[in-house]
Amino acid sequence: MEKKSIRDLDLKGKKVFCRVDFNVPMEEGKITDDTRIRAALPTIQYLSEQGAIILLASHLGRPKGEVKEELRLTPVAHRLSELIGKDVAKADEAYGDAVKEQVSKLGEGDILLLENVRFYPGEEKNDPELAKAFAELADVYVNDAFGAAHRAHASTEGIAKYLPSAAGFLMDKELSVLGKALSNPERPFTAIIGGAKVKDKIGVIDHLIDKVDNLIIGGGLAYTFVKALGHEVGKSLLEEDKIDLARQFMDKAKEKGVKFYMPQDVIIADDFSENANKKVVSIEEIPADWEALDIGPKTRETYHKVIQESKLVIWNGPMGVFELNAFAGGTKAVAEALAEATDTYSVIGGGDSAAAVEKFGLADRMSHISTGGGASLEFMEGKVLPGVAALDDKK
Ligand SMILES: Nc1ncnc2c1ncn2[C@@H]1O[C@H](COP(=O)(O)OP(=O)(O)OP(=O)(O)O)[C@@H](O)[C@H]1O
Ligand SMILES: O=C(O)[C@H](O)COP(=O)(O)O
């Protein structure tokens, strides 16, 4: 069911509690990537233009229900103010009388950033009392925090029970891009699944195998598939208890007529380090005391070709240990293939793949980079996102 959008709301003079995902990476009090703040700007700008009184709420990090000075949202308020070109007031709490007092002084179009909602134990417990306390601050609830939509927390789910609610523009865009890809994909449709563990990707592989034309496997999880084919993997990542499942996925792909691609050659190393000795070998030849840390040149070529021939590609998870330059080549090759494939709609499923694309300076060559890591993964698994389900339906 389609959800109400902020366009469906009368916002003039209304106090809007707008949940955003400002969970940005920080080092020593400095924001190192403001993508998520930029991504929320269209909603905040619209609310402001419509004459709403804007209360922004977000989590930052995992303070586990306690005040952690280094996780206050003050640097985020400063950055937002620079980006939006107007003052952004900051509250030291996220609800209560002092906040109400601050809110009462705001005019139409003004913005107040509330304190980190995870400073309160009730947030992650989805405590109805906390949800009510948030709701008391406002007339309307807008959720633009796609990145946190897989969490049923007081500010992402609970509050929607007490206020009229709608999705913000970022939420809408994420849901429509990912939703269209899964329900009505342009073909050939290719999924590229990498990352560390099969365990984390079972749901997404299982769900996508029913929908795609090509399934490409890479990253640490590929070696459980290599083992399932009967080859030795040396010291590469291996989940013994998932070998059968890997075999079942390969069988299912065959039954469904899905073309299944896995590494043919790999880069192996004698140590998990930048300066390790490296070799390119075929997957039948991984020695006992070496580990495979990236896909090899032949594999890159094959993946490049499949990407070029696809109309839609969804990518989640790196092809190798991209944090080390020595093993970033496979992930970079996939990112470059997507950048070159101008007729291909490329969807990057957040998290590490988004970080990799950013690192290679190719972010603006992708069609859509999701702001959600866990959220986009759960969406691609076909799961209901509680932060979305809680919003009012479009009539
Ligand atoms: N061959 C490999 N051996 C060991 N580690 C690997 C290998 N390939 C990739 N990795 C590691 O996998 C990690 C990323 O996988 P992970 O499953 O945590 O994230 P992800 O797939 O991007 O998911 P999310 O989107 O939730 O961040 C990276 O840190 C990368 O170094
Ligand atoms: O960074 C994310 O993926 C979201 O902000 C959710 O954060 P969480 O995993 O701490 O709930």
Side-chain angles (χ1 to χ4, degrees), residues 19-26 33 35-37 39-40 58-64 71 116-118 123-124 144-153 155-157 174 192-205 217-226 233-239 262-263 266-269 271-274 276 283 286 290-296 299 314-331 334 348-359 369-381 385-387:
R19 179 57 156 101
V20 286
D21 185 357
F22 286 166
N23 185 27
V24 289
M26 305 243 273
D33 179 358
T35 306
R36 281 179 165 171
I37 307 176
S58 178
H59 72 286
L60 176 63
R62 293 178 173 170
K64 299 203 163 77
L71 293 177
N116 191 340
V117 290
R118 287 196 187 165
E123 167 65 3
E124 291 181 72
D144 210 26
F146 175 74
H150 58 316
R151 308 292 184 208
H153 294 170
S155 70
T156 61
E157 201 267 353
E174 294 269 15
I192 308 175
I193 307 296
K197 295 196 176 122
V198 179
K199 175 169 80 66
D200 299 334
K201 302 290 158 83
I202 295 172
V204 73
I205 297 176
I217 298 286
L221 61 86
Y223 305 100
T224 301
F225 287 84
V226 171
V233 297
K235 292 205 282 189
S236 314
L237 279 185
L238 174 67
E239 291 155 273
M262 53 187 276
V266 290
I267 300 195
I268 56 167
D271 187 27
F272 192 96
S273 72
E274 197 72 88
I283 54 158
I286 304 175
W290 289 62
E291 59 190 312
L293 296 181
D294 199 5
I295 56 173
T299 307
I314 285 187
W315 179 21
N316 179 277
M319 297 291 98
V321 183
F322 76 102
E323 298 92 337
L324 299 177
N325 287 328
F327 308 103
T331 305
V334 165
I348 314 302
D352 274 314
S353 335
V357 167
E358 196 70 53
K359 171 179 162 153
I369 301 182
S370 177
T371 51
S376 66
L377 198 62
E378 291 202 16
F379 192 89
M380 288 191 265
E381 289 175 32
L385 304 180

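Only a predicted model underlies this, so the values are computations on that prediction, with no experimental measurement involved. The basis for the numbers below is simple: all heavy atoms, side chains too, and nothing from hydrogens, waters or symmetry mates. When a ligand or atom number is given, it counts from 1 through the structure's own listing order.
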> Can you pull the residues with any heavy atom under 4.0 Å from ligand 1?
Replying inline: G194, G195, A196, K201, G219, G220, Y223, L237, A292, L293, N316, G317, P318, G320, V321, E323, G350, G351, D352, S353
> Under 4.5 Å between any side-chain heavy atoms of V321 and D294, yes or no?
Replying inline: no
> Are any of the side-chain heavy atoms of F225 and P263 separated by less than 4.5 Å?
Replying inline: no
>> I'd like to check the side chain to side chain donor-acceptor pair (under 3.5 Å) partners of H59; sequence neighbours left out, ordered by chain and number.
In response: R19, N23
>> Donor-acceptor pair, distance only, cut-off 3.5 Å: does the side chain of E124 make one with the backbone of H153?
In response: no
> Excluding sequence neighbours, so at least two apart, what forms side chain to side chain donor-acceptor pair (under 3.5 Å) with N116?
Replying inline: none
> Would T371 and E174 count as having a side-chain donor-acceptor pair, cut-off 3.5 Å?
Replying inline: yes
>> Please determine whether side chain to side chain donor-acceptor pair (under 3.5 Å) holds for the pair E291 and S236, giving the CA-CA distance in whole Å, both sets of side-chain angles, and the decisive distance to 0.1 Å.
In response: CA-CA 4 Å; E291 59 190 312; S236 314; over 6 Å; no
> Are the side chain of K235 and the backbone of D271 linked by a donor-acceptor contact shorter than 3.5 Å?
Replying inline: no
> Is the shortest heavy-atom distance from the side chain of L221 to the side chain of K197 under 4.5 Å?
Replying inline: no
Report all N/O contacts between ligand 2 and the protein shorter than 3.5 Å as a table of atom names and distances to 0.1 Å; if there are none, say 'none'.
from, atom 1, to, atom 2, distance (Å)
ligand 2, 1 (O), N23, ND2, 3.0
ligand 2, 1 (O), R36, NH1, 3.0
ligand 2, 1 (O), R36, NH2, 3.3
ligand 2, 5 (O), D21, OD1, 3.2
ligand 2, 5 (O), D21, OD2, 2.9
ligand 2, 5 (O), N23, ND2, 3.1
ligand 2, 5 (O), R36, NH1, 3.3
ligand 2, 5 (O), H59, NE2, 3.0
ligand 2, 7 (O), H59, NE2, 3.3
ligand 2, 9 (O), R62, NH2, 2.6
ligand 2, 9 (O), R151, NH2, 2.8
ligand 2, 10 (O), R62, NE, 2.8
ligand 2, 10 (O), R62, NH2, 3.3
ligand 2, 10 (O), R118, NH1, 2.9
ligand 2, 11 (O), R118, NH2, 2.8
ligand 2, 11 (O), R151, NE, 2.6
ligand 2, 11 (O), R151, NH2, 3.3

